[in-house]
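Every chain is numbered from 1, with letters handed out A, B, ... down the list of sequences. Note that these values count all heavy atoms, side chains included, but never hydrogens, waters or copies made by symmetry.
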Amino acid sequence: MYIPRGDYIRKLDDARKLFLINKCLREQKKRRKYNKQTKRRLEYIKRKGKSYNTQSKSNEYVAIPPTNFSFEDNNEGTTSFFNAVINQMHKKIRNRKFYFNFEWVESISVGSIMYLLALIYNLKGINYLNYTYYGNRSRNQEVNKLLNDSGFYKYVSIVDKRFNPMKNIEILNGTDVSTQSADFVCSFVEKKYNDKVVVDNLYNLFIELMGNTVQHAYQDVDSIFRRNWYIYSEEKDDHFKFVFLDTGVGIPKTVKRKNLEFLNPLMNDSKYIRSALNGEGRSQTGDPNRGSGLPFVKQFGELENITEFIIMSGYGQCRITNSEHSDQCIEQSNELNGTLYTWKLMK
Amino acid sequence: MNIKVSRDFTMTPGGRFRDQGEFSGQEFREDLLVKFYNESIEKNEKLVVDLDDCRRAYPPSFLDEAFGGLAEIVGDKSILSNLEIISEDEPKLKVFIFKSIKKKLGLSDE
């Protein structure tokens, strides 16, 4: 707080002195109030797992992920966070700086990291916007390790020399149906997993998912995002973890509507996804011989060695298991822009 | 007449359409299958397609576009007697292919 002193203040008349002192006191009060509000908001984030985004400087956007930064465990908070970031990206403000504050993140899932990577990488091709991305690390070392090991820091050009990059993780992306990429991931799995039937199915699954992305996902020609798909594969002690995602329009917006379904208030995104998984004639092409891609995905999810197979798209989330009720679909409160598949292959 | 996919086309079959990526079902059908099928008909022979020895599996969309598409072009059930599939690595592929052909021709599955 600056209070003028010395000769300067002696020369001022009393009214002027009083004005300056009151001004300083008002600024001090404002700062105290801001700090109290910030403290209350941060406590709210920790409690509720939601996030909020603040704009500190004129062209900087500060994004604070929720403490539980996971689609599977905190879908509402995570999708809400991403939707706010996407809205800011769509504003197309040139030279925008995106600051990701991971300080309060206590747990994080691979799906969230991949989705964030996808958003950042997809926009890298839009040169005229000149977006830049930076951020800080979490207080939680496990979160930092996963961010580093997954390649996130490498993508945003932060190198943490305390952790060695893991060789049991592969991240791939592309814009076409790449047999080379699918072959590469299968070779990665085959080093430690000998079941040819499952690996064959895995290969077919990747080809089908890439085909769906290329043909259906990016229908919005005005989208500022690259038309990429992303694959994450990681080997752990007793299983392989996979994520496949795109940032397109989502399955519910691409499946064919029947009769006057759009007037039916009971139909929602999760029901459309379930119907497409069950092969109920939902091909966007209208060809009755098509629409076998998602049923194949469901068959894959029902294989014995496949666990925790989850599809998230739009407002819908479906879990596929190999039990009697093999698909459990629920409607979420926030919309995911795009489609995310995640599953484990047990060794 | 004989086509061996792993020798004449690719070890890693791809997706459905040519504009989606390499080694697609459409590419296989247009560049190989149709040409060889027509030649085999002229010579009064069967076309034998050998699916074995590929490094990777055959995605359903690849097979459907290749063989289902061929059935659409041929247009009648003569294709069922003029086409032979060898698939000892994965016998289910043979069943899938003929099912796809029958579906395209509007025939029952029996």
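Heavy-atom distances place the backbone of B:Tyr58, and not its side chain, under 4.5 Å from chain A. No part of A:Thr213 comes within reach of chain B, as not one of its non-hydrogen atoms sits under 4.5 angstrom from that chain. Looking at A:Val199, only its side chain comes within 4.5 Å of chain B, counting heavy atoms on both sides.
Electrostatic pairing of A:Lys196 and A:Asp200 counts as a salt bridge here, judged by a charged N lying under 4.0 Å from a carboxylate O.
The residue among A:Ile207, A:Asp183, A:Val197 with the most heavy atom pairs within less than 4.5 Å of chain B is A:Asp183.
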Kindly determine whether B:Arg16 and B:Asp64 satisfy salt bridge (Lys or Arg N to Asp or Glu O under 4.0 Å), including the steps that lead there. CA-CA 8 Å; B:Arg16 185 178 284 273; B:Asp64 185 61; 3.0 Å; yes

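In this structure, the side chains of A:His216 and A:Val249 stay at 4.5 Å or more apart for every pair of heavy atoms.
Residues that satisfy the side chain to side chain contact (heavy atoms under 4.5 Å, CB included) test with B:Ile73, not counting sequence neighbours, are B:Arg29, B:Val34.
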